[in-house]
Amino acid sequence: SKTNKMVGMLKIFPTRIIKLLLVLSFLLIFAKAEIREFKGTIEANATFIHYSEGFLIAPGFIDLTKLEFVTDDTTNDKPTKKIQDDNNGRNRGENRHLLSSSHRVLYSNSKIDIVFFREPSSCLDSTNNCDWTNLGLGVTDADGNYRWCCSENALSEGYCDKSSLGQLIMKENFSGKQRFIDVPSSGTLDKNLDKDFGRLEVPDGSGKYILALANCNDDGRDVNVDGEYIWKSVHGYLPGNLFNEMYFYAVLMGVYFILTVAFGIKMKMHEDAYIPIQRWIFCTIVLGLLETFFRVGDYWVWNDDGHRFYFAMGTWIFIGEVKRGLSRCLLVMVSLGWGVIRDQLNSLRKIVILGTLYVGTAMAQDIMDNLAIAENEVLSDHQEKELLNAAKALAFLMATIDITFIVWILYGLDGTMQYLENMNQSRKLSRYLRLRCILLFSILFAMMWIVFSLVNIYNPNGGILKEQSMWVIGGFKQMNYLVVLITVAYLWKPNPNAKEFAHVMELPTLGEEDDEHDLQMIENIPSALDDEDVNMDSFRREPLSKD
């Protein structure tokens, strides 16, 4: 039968895609850890600034004492390469000595600037990057370009004074901390910061903090940085904006555990009356339990030792997307009347294909989002357009798939309910009326929450939610999803009559017979919403026998 073929396909098909998606999920090693590694070169360039960001709950600190800053005499023996000047000397060629390959570079003394400051909550709520020039770091020139360093060109245009030449441009309203590392023009630099100099304390003021490093003297030497640096809040290594979220998902895990046990026991008690839709419901509940379990474990390990458990992180992200895809498929199946007016679903293959497309697209979007996050970033006037365009394309595809699911669900519900009403199936119709009520409430709640989120982001006076409570936006989405899942699980819960329910036609009662005579078994029950149109005139109502 078609159903048996689909069951066989469902056993084989996920195995093929799981291998691919698991490989993709482990690309998430680009995500942040609060014991972070820095391995790279801070170039002597007045147009670039290296930075890292994190969320700290006071009292906390950032520790740079394990970073090693190294340069050596071999850089003095390297000939220069001709560097093309562009943008009127404001980019990479600014104030460099353009010598032939037979000459050597003459370096000058320089400094590595280290600044540490907090972004205000208005920056956290904004969809755009925070403008650091408003916080006292750097300036914006007449063309709208950022000027981070006080170079000869910036000095001539009046953006800084001579005392700041070769350093970051710091205005009077800058309220962060600043450190310097002297880089000699020759000889070897091999330096670690001591505890008093390299440990930046945050005694109060929880929020998002920025650590920025710059090598502003174009005539200075490149410096290699290698080692680890630590972000730590009062509760541990977990970023402060995720700490309350960890406990939220721990509670959610308990709810999924209770739901899994209750539904599993019911299925075991009434295994003789099992219907296929109940397996889909149970699998969705189990996926919810596994997602929250691995997520809480990931956060717990992260908070305890400062390094992410990447297997757990990749697993909960993958399981979460599969759960959401399966849930959408489940709602389509339910709306089409599977387990109520039919025991087979002719469009099951189409549903599975659309669900698989959703999971694949969602995984690609997650990977793209994590590729855009780096522990150490370089800020300049140039941006990676390709990554942004790919993310927009994936977001559009995701929206299209979601709209397709919503239209399919509402269309299926309307057709199924119309069929039940025409056939006077009041008991089955009441089940769908409850389901529709919950779905409409869920859609209304989601729309209200979208409006709330937009107001929280674009409010010029700052967000409604505090910085540490931003996780609530995602948390309420999880709760909205859970309410719909519990509703479907309750309406299609295992019971002794579950199998017969799809094969029973409810006939009009005559007189005041008992409720047990209201349903009568009839063979060849017509199924609504099949691929072929149903001729309602071909059905006739059988009188209820009084025998």
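Excluded from the calculations below are hydrogen atoms, water molecules and symmetry mates; all remaining heavy atoms, backbone and side chain alike, are included.
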Test of understanding: with salt bridge (Lys or Arg N to Asp or Glu O under 4.0 Å), list the residues that count as partners of K111, not counting sequence neighbours.
D182

Is it the case that [X] and [Y] place a side-chain donor and acceptor less than 3.5 Å from each other?
{"X": "N153", "Y": "S156", "answer": "no"}
{"X": "W316", "Y": "D298", "answer": "yes"}
{"X": "Y146", "Y": "T47", "answer": "no"}
{"X": "D131", "Y": "T133", "answer": "yes"}
{"X": "S327", "Y": "Y481", "answer": "yes"}
{"X": "E43", "Y": "N215", "answer": "no"}

Dump the intermediate steps for salt bridge (Lys or Arg N to Asp or Glu O under 4.0 Å) on R324 and E291, then the final yes or no.
CA-CA 11 Å; R324 283 180 278 278; E291 178 195 11; 3.6 Å; yes

Nearest-0.5 Å distance that lies between atom OG in S110 and atom CG in D222
9.0 Å

[X] side chain vs [Y] backbone, donor-acceptor pair below 3.5 Å:
{"X": "D161", "Y": "S163", "answer": "yes"}
{"X": "T315", "Y": "F311", "answer": "yes"}
{"X": "N109", "Y": "S185", "answer": "yes"}
{"X": "D190", "Y": "V70", "answer": "no"}
{"X": "R118", "Y": "S206", "answer": "yes"}
{"X": "N173", "Y": "N134", "answer": "yes"}
{"X": "N217", "Y": "G166", "answer": "no"}
{"X": "D204", "Y": "P59", "answer": "no"}

Determine, step by step, whether E228 and R36 satisfy the salt bridge (Lys or Arg N to Asp or Glu O under 4.0 Å) criterion, reporting the C-alpha distance in whole Å, the side-chain angles of both residues, the deciding distance to 0.1 Å, and the verdict.
CA-CA 5 Å; E228 294 181 334; R36 307 181 183 181; over 6 Å; no

Heavy-atom closest contact (E245 atom, R295 atom, distance):
OE2-NH2, 3.0 Å

So, for G205 and A58, which heavy atoms are closest and what is the spacing to 0.1 Å?
N-CB, 3.9 Å

Between E68 and K191, does any side-chain N to carboxylate O distance fall below 4.0 Å?
no

Quick one, E201 with K177, criterion salt bridge (Lys or Arg N to Asp or Glu O under 4.0 Å). Give me CA distance, side-chain angles, the key distance, then yes/no.
CA-CA 10 Å; E201 299 286 346; K177 300 179 180 181; over 6 Å; no

Qualifying residues under side-chain hydrogen bond (donor to acceptor under 3.5 Å, both in side chains), relative to T65, sequence neighbours excluded
D63

With sequence neighbours left out, write down each residue that passes side-chain hydrogen bond (donor to acceptor under 3.5 Å, both in side chains) with S175, or none if nothing qualifies.
none

Please report, to 0.1 Å, the donor-acceptor pairs under 3.5 Å made by any side chain of residues 438-452, with sequence neighbours excluded.
from	atom 1	to	atom 2	distance (Å)
S442	OG	N480	OD1	3.0
S442	OG	N480	ND2	3.2
W449	NE1	I473	O	3.1

How about CZ on F248, more than 12 heavy atoms from neighbouring residues, nucleotides or ligands closer than 6.0 Å, or not?
yes

So does F293 have more than 12 non-hydrogen atoms from other groups sitting under 6.0 Å from CZ?
no

Would you please name every residue forming a ring-ring contact (aromatic ring centres under 6.0 Å, His included) with Y247, sequence neighbours left out?
F243

Is there side-chain contact between I62 and F116, with heavy atoms separated by less than 4.5 Å?
yes

Between Y237 and I230, is there a side-chain heavy-atom distance shorter than 4.5 Å?
yes

Test: C150-C216 SG spacing under 2.5 Å:
no

Ring of F318, cation from K323 - is the NZ or CZ under 6.0 Å from the centre and inside 45° of the axis?
no

If a pair satisfies ring-ring contact (aromatic ring centres under 6.0 Å, His included) and one of its residues is in residues 174-206, list it, with sequence neighbours excluded.
F117-F174

Do Y51 and W132 make the cut of ring centroids closer than 6.0 angstrom?
yes

